[in-house]
Amino acid sequence: MIRSINRTMIEPDQGRLFVRTNGCLLLVLLILVSGCGTQKWASVRKTPSNPLAGPLQLMSKDGPAVTKRTLQTLRQLNLDKYAHGNYEEGLTKLSKVIEKEPTGENLYTYAELSYVAGARADAVGRDATALEMYAGSVSHAYYYLFECRDGVRADGYDPRFRQACDIYNKSLEGSLRLVKAQGRFRQGETYRIQTPNQEFHVSLDTVGRWKDTKFQDFKFTSDYEVEGLKNQHRQYGLGVPLIAECKDQPPEAPGSDYFPPNLTFALTAFLQVEQDPTIDPKTKKSIHYCKILLYDPLEEPEIAINGQKIPLEADISTPLAYLLDQGKVSQTYLATLGMLTPGAQQDRRGVYMLEPYDPKKIPVVMVHGLWSSPMTWLEMFNDLRAQPEIRDNYQFWFYMYPTGQPFWISATQFRSDLDGLRHQLDPHHTALALDQMVLVGHSMGGLVSRMQTIESQSEFWHLVSDRSPGELHGSNEDTQALKDVLFFHPSSSVRRVITMGTPHRGSDFANSTTRWLGKNLIELPTFVTGSSNRLVAANPGYFKNKDLLEISTSVDSLAPDSPVLPAILEAPKAPWVKYHTVIGVVDQETWLGYFSGRSDGIVKYDSARLDEAVSEKIVTADHNTVHRNPESVLEVRRILREHIQQLRQEYYSSLQQPAIAPMQTPEIMPASHLAPVETLPPSQPVNTLRPSVYSTPPSPN
């Protein structure tokens with residue numbers, strides 16, 4: 001948090017005031033240069049998007065109007081005079097024709113004419129008439145699509161089929177808008193809607209994983225234009241894409257404790273219509289029974305109607321963009337808060353989910369870098385989640401941590417937070433997919449991720465002292481905190497780590513100037529500075545490298561001369577983990593490339609590479625965009641596909657070989673409770689085949 005300086009907030013140390021004030025100016029300049037300023041993610045459209053705007057001339061001064069093909073059908077039925085007015089009478093006569101000849105041509109004509117009538121009534125504020133016309137339109141479009149031989153089973157080359165889908169979607173949306181305006185768009189209730197000529201009994205329910213969740217509000221994705229995300233991912237089908245808001249009431253879903261506040265989700269409203277209405281003996285009105293079901297298109301992208309698989313119309317990007325715009329804090333604020341005052345961000349630290357927890361899906365945990373926040377991943381998340389084979393097998397989590405503190409402290413906290421999450425969601429370790437976790441780390445986040453997969457042994461302790469840990473004096477809290485940082489084991493849950501623009505051997509960005517600025521600008525929490533100072537004071541002569549204990553900022557920790565970096569490179573790696581690197585190299589023909597050489601402008605190629613990586617991808621990008629580059633997204637998708645393919649091969653191999661008896665060693669933990677690891681002499685080959693974590697094979701999608 002950058003504190004404002006005024007006459008009432010002058011600090012005693014004027015030199016420090018000068019540094020902090022000018023440092024803040026420098027930070028503002030860096031924000032502007034790097035393009036990390038406040039961003040607009042979604043804007044409200046002047047008019048909702050509507051694929052019928054062209055065919056039905058919705059924006060024309062003479063529109064809305066029926067298409068030429070529908071006009072021809074009306075002409076053949078001697079009803080063409082109703083194409084431009086007196087719609088109710090025309091629809092009444094057309095309905096009598098349909099009673100005798102319920103052909104697809106007649107049903108479609110009714111749906112289109114009724115939609116035009118509804119749009120005209122809606123435009124002049126005749127809500128009751130508009131609702132009746134929209135209801136007639138959506139029901140007849142439904143009959144055309146599902147109840148007659150010319151619908152879903154018709155020749156797919158007829159453009160009228162897709163237009164019938166659009167009429168169904170937009171007439172349903174028009175109905176929902178009118179119902180919502182009356183405050184009657186609520187889940188779990190049945191509404192009785194009376195219009196001049198008909199009556200509708202409509203129930204509204206959420207199905208699937210949101211069945212017990214009461215959303216506080218719904219908005220229509222067609223009202224918004226996505227701006228902050230490069231790609232807007234849609235699926236074309238039937239239904240009305242919605243933005244479902246939780247607001248102040250958390251949803252009732254697995255893992256909801258890890259949701260950020262005021263989360264929004266993508267839902268699709270689908271209307272099912274009973275074919276035969278009944279007649280009210282008192283009012284003589286036709287009573288139509290309808291169900292509006294709210295589906296999660298990420299969970300159920302298609303539904304079965306009359307034995308046919310029907311894709312749901314879906315928009316998964318607009319709810320994400322809307323969520324980002326509704327946040328009370330900006331990306332820049334979160335990043336700066338975590339950088340300059342990491343102690344203030346400790347209460348925000350932890351794993352975040354944007355969807356309900358699914359024990360059958362493998363977590364992909366995205367870890368941001370220095371002076372950043374989880375929002376930096378949303379471009380990649382938006383693109384990866386749109387791929388069916390990815391979302392069917394993976395769930396995406398985001399780790400948020402204070403980036404101003406040394407990365408090894410963040411790695412310790414990450415280890416603890418992952419263990420706590422596993423204990424809460426899967427205390428008995430029965431969710432086998434959690435043992436196949438993939439970590440994706442950008443910049444410093446790659447180091448935080450990689451430290452989850454190495455064995456410390458005694459090497460990290462020997463960086464600070466040659467004496468036994470048992471000789472260390474101090475409070476239990478202080479001594480245990482130091483041991484947690486310097487003694488650790490690889491996580492049994494992590495199977496792959498992807499680092500992107502990560503300074504494995506340090507960065508020249510951490511030079512004398514930036515390190516000096518960091519020490520004067522970053523305010524570390526007392527649990528970092530106080531613990532080290534107390535231990536040094538209580539143990540004179542005990543520590544051989546007090547400088548390491550006094551490395552108090554993330555900038556210091558990333559310096560090329562940091563002794564921790566080579567220790568990480570040389571530490572024993574978990575044999576069940578595979579590493580992948582994505583490395584940015586700026587265009588060498590640009591001015592930045594001329595001055596920075598073979599690097600991303602911050603991290604050199606030689607620092608970002610790993611000898612043990614099974615794959616390396618070089619993309620033309622700078623440090624701030626390497627993880628947003630389309631080639632990087634494709635590379636992560638390739639690795640995730642490879643991961644599933646490997647698990648599938650393990651599954652089929654396990655069917656042909658007897659299970660291997662589990663073995664425990666004091667040095668290395670097993671990859672999972674079904675995946676033993678045996679330490680063999682260098683001369684002996686290691687059998688990398690492990691029993692599958694699946695009782696059935698992973699999804700083939």
Side-chain angles (χ1 to χ4, degrees), residues 48-53 55-56 58 64 91 107-108 110-122 127-147 151-152 161-182 184-187 189-191 193 195 198-207 215 218-223 234-244 266-275 277 288-297 300 302-303 305 310-315 318:
S49 63
N50 191 332
L52 298 172
L56 301 185
L58 299 182
L91 290 168
L107 287 168
Y108 178 88
Y110 189 104
E112 186 179 297
L113 182 63
S114 190
Y115 181 80
V116 168
R120 283 185 173 272
D122 199 354
D127 292 352
T129 300
L131 185 59
E132 182 174 10
M133 296 297 103
Y134 284 143
S137 176
V138 68
S139 60
H140 283 77
Y142 183 92
Y143 295 147
Y144 168 79
L145 292 169
F146 302 115
E147 304 293 347
V152 169
F161 171 76
R162 180 59 234 180
Q163 195 152 306
C165 296
D166 292 335
I167 289 175
Y168 171 91
N169 294 345
K170 301 314 290 187
S171 55
L172 175 56
E173 182 176 318
S175 301
L176 294 179
R177 286 181 183 275
L178 292 170
V179 171
K180 185 176 184 294
Q182 299 172 7
R184 304 169 72 180
F185 194 1
R186 294 188 296 272
Q187 302 156 249
E189 298 183 16
T190 299
Y191 306 102
I193 302 174
T195 64
Q198 303 181 75
E199 186 173 312
F200 298 88
H201 292 189
V202 184
S203 63
L204 176 64
D205 288 293
T206 309
V207 296
F215 293 100
F218 299 95
K219 297 185 182 299
F220 301 94
T221 63
S222 60
D223 286 337
R234 299 181 60 93
Q235 173 178 285
Y236 294 95
L238 291 178
V240 179
L242 300 172
I243 302 170
L267 294 181
T268 296
F270 184 84
L271 176 73
Q272 289 183 253
V273 186
E274 297 293 334
Q275 185 173 11
H288 300 267
Y289 296 94
C290 310
K291 291 181 180 179
I292 298 177
L293 301 176
L294 302 179
Y295 292 92
D296 184 339
E300 201 165 357
E302 59 182 18
I303 58 176
I305 301 294
I310 308 300
L312 289 172
E313 185 92 357
D315 180 350
T318 301

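Throughout, numbering of the chain's residues begins at 1 and tracks the sequence.
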Problem set entry | Residue pair Leu58, Tyr115: steps toward the side-chain contact (heavy atoms from CB on, under 4.5 Å) verdict | CA-CA 11 Å; Leu58 299 182; Tyr115 181 80; 4.2 Å; yes
Exercise. Where does the angle between the aromatic ring planes of Phe270 and Tyr168 fall among parallel (under 30°), tilted (30 to 60°) and perpendicular (over 60°)?
Worked result: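 Ring orientation, 0 to 90° scale: tilted.
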Exercise. Can you say whether the rings of His140 and Tyr110 are parallel (under 30°), tilted (30 to 60°) or perpendicular (over 60°)?
Worked result: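 Ring orientation, 0 to 90° scale: parallel.
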Please round to the nearest 0.5 Å and tell me the distance separating atom [atom1] of [X] and atom [atom2] of [Y].
X: Ile303; Y: Leu293; atom1: CD1; atom2: CG; answer: 7.5 Å
X: Arg177; Y: Lys219; atom1: CZ; atom2: NZ; answer: 10.5 Å
X: Asp296; Y: Leu294; atom1: CG; atom2: CG; answer: 10.5 Å
X: Ser203; Y: Leu271; atom1: OG; atom2: CG; answer: 9.0 Å
X: Phe185; Y: Leu242; atom1: CZ; atom2: CG; answer: 5.5 Å

Under 3.5 Å donor-acceptor, [X] side chain and [Y] backbone:
X: Gln235; Y: Leu312; result: yes
X: Ser175; Y: Ser171; result: yes
X: Asn169; Y: Val240; result: no
X: Thr268; Y: Glu313; result: yes
X: Ser114; Y: Ala111; result: no

Taking all non-hydrogen atoms of both residues into account, name the closest pair between [X] and [Y] and its distance.
X: Arg162; Y: Gly237; value: NH2-O, 3.4 Å
X: Pro311; Y: Glu302; value: CA-CB, 3.9 Å
X: Ala141; Y: Ile167; value: CB-CG2, 4.4 Å
X: Ser49; Y: Lys170; value: O-NZ, 3.1 Å
X: Tyr134; Y: Ala119; value: OH-CA, 3.5 Å
X: Ala269; Y: Ile292; value: CB-CG2, 4.2 Å

Problem set entry | Trace of the side-chain contact (heavy atoms from CB on, under 4.5 Å) decision for Ile243 with Phe218 | CA-CA 6 Å; Ile243 302 170; Phe218 299 95; over 6 Å; no
Exercise. Hey, are the side chains of Ile305 and Tyr142 touching, using non-hydrogen atoms and a 4.5 Å cut-off?
Worked result: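 They are in contact (side-chain heavy atoms under 4.5 Å apart), so the answer is yes.
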Exercise. Under the side-chain contact (heavy atoms from CB on, under 4.5 Å) criterion, do Glu112 and Gln163 qualify, and how do the steps go?
Worked result: CA-CA 9 Å; Glu112 186 179 297; Gln163 195 152 306; 3.6 Å; yes
Exercise. Hey, mind stepping through Leu145 and Cys165 against side-chain contact (heavy atoms from CB on, under 4.5 Å) and telling me if it holds?
Worked result: CA-CA 8 Å; Leu145 292 169; Cys165 296; 4.1 Å; yes
For this session: Check whether the ring centres of Phe161 and Tyr108 lie less than 6.0 Å apart, and answer yes or no.
Result: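 Ring-ring flag for Phe161/Tyr108: false, centres at least 6.0 Å apart.
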